[in-house]
Amino acid sequence: MQKFILLVALLSIVTCQKNSIQKDLAEIRNNASLGKEEKYHSILKLILKDELKEIQYNEKTEKEPETLEVLFGGNSGLTFLDSASYKKATIRYVVLNALRIFEGIQPNENFVLRLSFSKPFYVKGELNEDAGLQEFEIYRIGWSLPDYQTWKKENPKADVFAEKVELLGTGDFIESFQKKGKPELDEFQRITLE
């Protein structure tokens, strides 16, 4: 009986956390006192937390769609994966966060999201330890609103805010959205993990 109560309590906590972020996102989107750029910043801060590094917002023009460029990433030069696993897990993490951003923002017009991932790395040959740790953008990928809308129709039950998403998995909703993206930068081949 105690195990059953513990299981119910645990499921309630996970459900409340997921519902909480959805509620917080809806409050930001519905806040009439915030401009679009302020809403985007608040939503990104809620989703990416301390990994958010830079936001560049460009309003829609006659020739260009509304564009949101986001730079985010880790703050540590450490990794515990081999090169192939690191690349796969990082790209899936970027794609998952793109899905969370689309879900959070819920754009309804011509919209492009470009997501860049950066991370500090130790640079070989630097005598000064502080100089040896430098930040690099290692991956950038973009999607348009139609890419997201098509994905959403194909994956109506995908839960992008689930607490546990497999970053080394295959054949799932993350992979299907990754295939719709347009990679713009891939510097993984320059990274040597030791």
Side-chain angles (χ1 to χ4, degrees), residues 11 14-30 36-37 39-49 51-52 55-61 63-74 81 84-118 137-188:
L11 288 173
V14 170
T15 303
C16 288
Q17 287 174 343
K18 188 173 84 174
N19 289 340
S20 174
I21 193 165
Q22 297 286 16
K23 182 182 172 201
D24 293 345
L25 290 168
E27 285 177 11
I28 294 168
R29 282 191 306 269
N30 296 329
K36 188 181 279 190
E37 192 169 353
K39 287 181 184 183
Y40 288 176
H41 186 271
S42 297
I43 288 169
L44 290 167
K45 194 72 180 151
L46 182 64
I47 293 170
L48 299 172
K49 299 175 180 54
E51 289 187 313
L52 179 62
I55 302 168
Q56 184 174 346
Y57 171 71
N58 299 308
E59 289 187 17
K60 180 180 170 185
T61 65
K63 296 183 179 186
E64 296 294 323
E66 176 183 19
T67 306
L68 184 60
E69 297 181 20
V70 180
L71 176 66
F72 81 108
L81 299 170
S85 297
Y86 179 73
K87 178 178 181 175
K88 180 177 184 175
T90 301
I91 290 173
R92 286 177 58 84
Y93 184 65
V94 170
V95 174
L96 176 62
N97 278 295
L99 285 167
R100 289 174 173 168
I101 292 167
F102 270 109
E103 289 277 319
I105 291 174
Q106 295 184 356
N108 57 7
E109 54 187 67
N110 197 2
F111 179 87
V112 171
L113 173 65
R114 284 192 186 92
L115 207 50
S116 298
F117 186 80
S118 73
E137 180 183 10
I138 57 174
Y139 191 71
R140 184 181 331 117
I141 188 168
W143 293 270
S144 66
L145 181 57
D147 296 330
Y148 171 72
Q149 291 169 330
T150 301
W151 173 87
K152 189 72 172 166
K153 286 178 188 170
E154 295 168 353
N155 300 274
K157 295 183 181 183
D159 183 2
V160 300
F161 290 106
E163 286 294 310
K164 179 118 171 115
V165 176
E166 183 58 52
L167 291 178
L168 292 175
T170 58
D172 60 2
F173 70 87
I174 297 174
E175 188 175 290
S176 69
F177 193 58
Q178 180 182 341
K179 290 176 182 176
K180 294 182 185 323
K182 293 149 197 78
E184 300 173 4
L185 177 72
D186 183 341
E187 295 290 339
F188 286 102

### Task
Quick one: pull up CG in Leu52 and NZ in Lys49 and give me the separation to the nearest 0.5 Å.
11.5 Å
### Query
Does Thr90 use its side chain to pair, donor to acceptor, with the backbone of Lys87 at less than 3.5 Å?
no
## Note on the structure
Correct closest heavy-atom pair for Gly104 and Ile43 would be O-CD1, 3.5 Å
### Query
For Ile141 and Pro183, which heavy atoms make the closest approach, and how far apart are they?
CG1-N, 3.8 Å
### Lys180/Thr150 under side chain to side chain contact (heavy atoms under 4.5 Å, CB included): CA gap, chis, key distance, verdict
CA-CA 9 Å; Lys180 294 182 185 323; Thr150 301; 3.9 Å; yes
### Message
Tell me the closest heavy-atom pair linking Leu115 and Ala98, and the distance in Å.
### Response
CD2-N, 3.5 Å
### Atom pair CG/CZ of Leu46 and Arg100 - distance to nearest 0.5 Å
11.0 Å
### Message
To the closest 0.5 Å, what do you measure between CG (Asn155) and OH (Tyr148)?
### Response
10.0 Å
### Inter-residue atom distance Glu51.CD - Leu71.CG, 0.5 Å rounding
11.0 Å
#### Entry: Under 3.5 Å: donor-acceptor pair, side chain of Arg29, backbone of Ile105
no
### Task
For the residue pair Tyr57 and Glu66, establish whether any side-chain heavy-atom pair is separated by less than 4.5 Å.
yes
### Query
Which atom names give the shortest non-hydrogen contact between Val160 and Leu96, and what distance separates them?
O-CD1, 3.6 Å
### Message
Is there a side-chain contact between Trp151 and Leu99 in this structure, where contact means two heavy atoms from C-beta onward sitting under 4.5 Å apart?
### Response
yes
### Query
With side chains defined as the heavy atoms from C-beta onward, is the minimum distance between Phe173 and Glu154 less than 4.5 Å?
no
### Summary
Hits for side-chain contact (heavy atoms from CB on, under 4.5 Å) against Gln178, two or more places apart or cross-chain, chain-then-number order -> Ile91, Arg92, Val95
### Task
Decide ring-ring contact (aromatic ring centres under 6.0 Å, His included) for Phe102 and Trp143; before the verdict, give the C-alpha distance in whole Å, the side-chain angles of both, and the deciding distance to 0.1 Å.
CA-CA 10 Å; Phe102 270 109; Trp143 293 270; 7.0 Å; no
### Task
Look only at the side chain of Asp172 and the backbone of Glu175, and say whether a donor-acceptor pair between them is shorter than 3.5 Å.
yes
### Query
Out of curiosity, Phe111 CZ to Gln106 CD, how far, rounded to the nearest 0.5 Å?
11.5 Å
### Task
Spell out, as yes or no, whether a donor-acceptor pair under 3.5 Å connects the side chain of Lys182 to the backbone of Gly142.
no
### Least distance between heavy atoms, His41 atom then Ile55 atom
CD2-CD1, 3.1 Å
### Task
Evaluate side chain to side chain contact (heavy atoms under 4.5 Å, CB included) for Asn97 paired with Val70, printing each intermediate quantity in order.
CA-CA 11 Å; Asn97 278 295; Val70 180; over 6 Å; no
### Task
Look at the side chain of Thr67 and the backbone N and O of Pro65, then say whether any donor-acceptor pair between them is shorter than 3.5 Å.
yes
### Summary
So CD of Glu59 and OG1 of Thr61: to nearest 0.5 Å the spacing works out to 10.0 Å
### Task
For the pair Phe72 and Tyr93, evaluate side chain to side chain contact (heavy atoms under 4.5 Å, CB included) and give the outcome as yes or no after the intermediate values.
CA-CA 11 Å; Phe72 81 108; Tyr93 184 65; 3.6 Å; yes
### Message
Could you report the tightest heavy-atom contact between Ser116 and Arg140, atom names first, then the distance?
### Response
OG-CG, 3.3 Å
### Message
Do Leu185 and Glu137 make a side-chain contact, defined as non-hydrogen atoms from C-beta onward lying under 4.5 Å apart?
### Response
yes
